[in-house]
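Every chain is numbered from 1 and lettered A, B, ... according to where its sequence line falls, protein lines coming before strand lines.
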Amino acid sequence: MTNGNLLDKAYNPHDVEKRWYKFWEDENLFAAKEESGQRSYSIVIPPPNVTGVLHMGHALNNVLQDILCRYRRLRGDNVLWMPGTDHAGIATQNVVEKKLSKEGTDRHRLGREKFIEEVWTWREKYGSAIIHQLKRLGASCDWNRERFTMDEGLSKAVRKVFVQLYNEGLIYQGSYIINWCHRCHTALADLEVEHEEVEGNLYHIRYPFPSGEGGITVATTRPETMLGDTAVAVNPEDERYAALKEISVVLPLMNRLIPIIRDRYVDLSFGTGALKVTPAHDPNDFEIGKRHNLPAVKVIGDDGKMTEEAGKFKGLDRSECRKALTEELKNAGLLEKVIPHRHNVGHCYRCRTMVEPNLSKQWFVSVKPLAEKAAEAVRNGKTRIIPDMWNKTYFDWIDNIRDWCISRQIWWGHQIPAWTCEACGKLIVSMETPETCPGCGAKQLIQESDVLDTWFSSALWPFSTMGWPEDTALLRTFYPTSVLVTGFDILFFWVARMMMMGIHFMGDVPFEDVYVHALVRDEEGKKMSKSTGNVIDPLSVIEKYGTDAFRFTLAAFAAQGRDVRMSEKRVEGYRHFVNKLWNAARFALMNLPEAGPHPEKQTDIISLPDRWILSRLCKVTDAVAQGLDAYRFNDAAAAVYQFVWHEFCDWYLEAVKPALYGKQGAQKQAASVRVLERVLRDTLILLHPFMPFITEEIWHKLPGTKGSVMKAVFPSDAPDAATVLSDADAESEMGLLISVITGIRNIRGEMNISPSLELDAVVQSGDEAVRKTLSEHRDIVTNLARIASLSVQVPGEKPKAAATAVADAVTIFIPLEGIIDFDREIERLEKEILKTANELTASSKKLSNEDFLSKAPADVVAKVREKQELFIEKRQKLQSNLDRIKGIELK
RNA sequence: GGGCGGAUAGCUCAGCCGGGAGAGCAUCGGCCUUACAAGCCGAGGGUCACAGGUUCGAUCCCUGUUCCGCCUACCA
């Protein structure tokens, strides 16, 4: 009769996870259809670095995407989740260079071509590590479509975009101040510089007048740059310098005459009001220099050492130079003072080295025209950013955007498709490698050695991965993508740039929604970092607690706009939930016929708990759908958690046991078997997006199911969904039983009565419907409250020496002749009365307030009135019970 | 400098359109009730950061303050 498919006593995730992941891949269940009659749903993965190993941020990011993808599949969508990695130019080059250095060589000795080969070899070996790790999370990406930003197709897209933007005048080359990292030996975009406050000094240096008498004192945090000064600037409104007759000063140590200029940029209130101008080493000075036609003298070289122009300081490292130079100034009596000064200094986001603003010839994208459209698309709702507080951040940045430096002086990346003719100097930008110079026909063409910023190729990700620039079926089916799921840390780096490129090249936004999730922090709210030593490795968590528990934890804590604080303890809690589900299934399987439930029969009598749980299932299904549709993962997770544990397990399974055991006849048993199976089956579907492994495992054990749970239909869309109906009567009747049972349990608990002691209970109610419900479901109450008998009465004579409780319109009596502890019962009732009285004062206060009565909406007033009456009645009953107990005790 | 977010039970956090303060964990008491001790039953615990304001009514809306966290910025 019962099912032979019994489960182990505890859930063991390890082999289950491996088995089902392989099954899904073998069955091709993650595959998107290029064309289908279904609704399309697509997500492109934020490509992790090839050098990356999975951290908590990836885990959260990908689990949320997987939840969405699995959910949409259950809703019947044709889902594409496009996976891949990016080539992480600087980071990868650094890693491989480190490896070479260990081997006693370096990239220059290898040469460019050999070095690139080395990187590819490295990638073959280690580059897929993170992909395997994503699989451990259960990620249901369409792996057959995995992409890499350096793939041929994607590289072609990069070249096409570069050439087109160049031809449109949106890419230009020029000498500007850029951020230079001496360690990575490359230019960086403004975004790639991280500002950090450091303790520095403000050096006050006097620049004498040519006459030798007097001078102007300037203040600087980087004294070594003075060697490249080409002017001193003061504000034209500055009265201190208004009467100044001198037109130049002598640059100390260099003995060069430099002009005194007047520029509104200079801040009157800072330092001495005089600014040294170094156009080659400061972005503002560069601008001032342009305005005043000043020469730019580069004194710090790309290698971090002082150049020829630095005179006798040539060849010194910049920090050595600072030391030597300030020493000399001091000796010359020109260093007036040095005061400590906190200020922000830029650091390379890849290697933390201090970056140097440096004049350099680079390639730039003129982003303003692109950015305007990207801003507009969010303003007019074409793309929604969720939660919307990020809109402001997005606009702040994109509305104030500056040109994007896209060239990098490294080798690993997309080499810029530009060539210079050695003969005539002509610049050729072209998709294909040119054979001859179109200008002079010469064959000596030299390709630009710089490569493009990695983000330049990532910006094309939503369409380059789908085959662009070809017109592919994939693009037609899945572009624009449905949602981008990402952390806010790359909102500018990546999201904004994808918006710009998508709109420009596809004529449409790259995604309808952008869901910005939080950062994962440690349990104290600190950012996880290797140096702090507070990182939790997601894989070790999975190893210890199972993927499903881990995933559910992430979902449950992924509230919008809030960081996720991760600790193993929390995962442990949700492992208990996984196990709870497991055991509920185990129980079900013990009670379901092997062949599955019989089909519905007219003669089946569906019981109150059956109707109730179906109604609850209906509600929780809605809640999960609403939660996921609105990216409220925590709401969805909480709803299903509450349902499974506290409704299905705590109440339904307990209430339905007698029927399942056949104690109420074959008809009720058949109905309950059917409902039990149905509810468990739907629950598995609801939980599947969160906990794919255990749900698949149970699904396969459950009689009556076939194939993968991934092919199931989300309950509310299922063809037989009509049988799961919201049922207000069932909910209120069951609610009554629950409060009566809880009342009895409360008495037992508070009175410290052993559960083994068989009690009788009497309930009295003036409401006939209430009495009817209680009588009809007497067995449920006796079972769940563990009492021997339940007598349902109209209010009348009250049992003597009884403990009492009031539940809704019911007074509960537990006769405790001989064992009642009067003091304890009096204390209990007084506590209850106090609670009720407190509620009562709150509502009385409102009802005695004229303003409330006249101004509050009628339904609110009615509600308070109703509540008031209920509390009055409850208090009366409690009070009379208390009086009786006191009377009995006195005797 | 500009901006954003947070402050709710011992801890971590929910709380949507203003109308009875919730969950999980932890704590305390009682249970080996044959799906689950990774469990079951029950209980205690909060001036919703502070000060004003709007409102009949504020955890929620407005203003200010304090304390955290983050983002951004070309004051040398």
Given the [atom1] atoms of [N] and [M], what is the spacing between them in whole Å?
N: C48(B); M: G15(B); atom1: C1'; result: 11 Å
N: G19(B); M: U55(B); atom1: C1'; result: 12 Å
N: U59(B); M: A7(B); atom1: P; result: 14 Å
N: G6(B); M: G44(B); atom1: P; result: 32 Å
N: G57(B); M: G24(B); atom1: C1'; result: 31 Å
N: A49(B); M: C11(B); atom1: P; result: 14 Å
N: G20(B); M: C25(B); atom1: P; result: 28 Å
N: U47(B); M: A43(B); atom1: C1'; result: 24 Å

Any side-chain donor-acceptor pair under 3.5 Å between [X] and [Y]?
X: Ser269(A); Y: Asp267(A); value: yes
X: Ser848(A); Y: Lys846(A); value: no
X: Asp190(A); Y: Asn179(A); value: yes

Rounded to whole angstroms, how far apart are [atom1] on [X] and [atom2] on [N]?
X: Glu196(A); N: C71(B); atom1: CD; atom2: P; result: 11 Å
X: Gln626(A); N: A14(B); atom1: CD; atom2: P; result: 20 Å
X: Asn838(A); N: A21(B); atom1: CG; atom2: P; result: 11 Å
X: Trp582(A); N: G39(B); atom1: CH2; atom2: P; result: 17 Å
X: Asp650(A); N: C36(B); atom1: CG; atom2: C1'; result: 11 Å
X: Glu830(A); N: A43(B); atom1: CD; atom2: C1'; result: 18 Å
X: Asn344(A); N: G1(B); atom1: CG; atom2: C1'; result: 11 Å
X: Asp267(A); N: A73(B); atom1: CG; atom2: P; result: 19 Å

Now, which nucleotide makes the Watson-Crick or G-U wobble pair with [N], with each of the two distances under 3.5 Å?
N: U47(B); result: none
N: G1(B); result: U72(B)
N: G42(B); result: C28(B)
N: U34(B); result: none
N: C61(B); result: G53(B)
N: A7(B); result: U66(B)
N: G22(B); result: C13(B)

Ignoring backbone atoms, test whether [X] places a side-chain nitrogen or oxygen under 4.0 Å from the OP1 or OP2 oxygen of [N].
X: Arg632(A); N: G15(B); value: yes
X: Lys657(A); N: A35(B); value: yes
X: Arg745(A); N: A43(B); value: no
X: His576(A); N: G39(B); value: yes
X: Lys845(A); N: C56(B); value: no
X: His204(A); N: A76(B); value: no
X: Lys392(A); N: C4(B); value: yes
X: Asn746(A); N: A43(B); value: yes

Under 4.0 Å, counting only non-hydrogen atoms across every strand here, what does [X] touch: a base, just sugar-phosphate, or nothing?
X: Lys9(A); result: sugar-phosphate
X: Arg575(A); result: base
X: Val277(A); result: nothing
X: Asn752(A); result: sugar-phosphate
X: Tyr265(A); result: base
X: Phe286(A); result: nothing
X: Pro357(A); result: nothing
X: Lys867(A); result: base
X: Asn400(A); result: nothing
X: Glu850(A); result: nothing
X: Phe871(A); result: base

Checklist entry - Okay, side chain of Asp388(A), backbone of Asn391(A): is any donor-acceptor separation there less than 3.5 Å? => result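 No, because the side chain of Asp388(A) does not come within donor-acceptor range (under 3.5 Å) of the backbone of Asn391(A).
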- Between Thr393(A) and Trp645(A), who's closer to the 5' end of RNA chain B by nearest nucleotide?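 The answer here is Trp645(A).
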Q) On RNA chain B, nearest-nucleotide positions of Met389(A) versus Glu839(A): which is more 5'? A)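 Mapping each residue to its closest nucleotide by heavy atoms, the 5'-most match is Met389(A).
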Quick check: closest heavy atoms across Ala637(A) and Phe552(A), and the distance to 0.1 Å?
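Minimum heavy-atom separation between Ala637(A) and Phe552(A): O-CZ, 3.4 Å.
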* Asked: Do you know which two heavy atoms are closest between Thr272(A) and Ala219(A), and how far apart they sit?
  ->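 So the minimum-distance heavy-atom pair works out to OG1-N, 4.4 Å.
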Worksheet item: Where does C60(B) land, syn or anti, given syn is within 90° of 0?
Response: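 Anti, since the glycosidic angle lies more than 90° from 0.
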base_contact_polar (C36(B) base, Lys580(A) side chain, donor-acceptor, <3.5 Å):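 Such a pair is found, so the answer is yes.
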- From Asp548(A) CG over to Leu687(A) CG, what is the distance, rounded to the nearest 0.5 angstrom?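 Here the interatomic distance stands at 9.5 Å.
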Handout entry: Nearest-0.5 Å distance that lies between atom CG in Leu847(A) and atom NZ in Lys867(A)
Key =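 Spacing of CG (Leu847(A)) from NZ (Lys867(A)) equals 9.0 Å.
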Ion pair Glu237(A)/Arg264(A), N-O distance below 4.0 Å:
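Salt bridge present between Glu237(A) and Arg264(A).
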| field | From U12(B), C74(B), G24(B), nucleotide with atom closest to Phe557(A) side chain | value |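 Looking only at side-chain atoms, Phe557(A) lies closest to U12(B).
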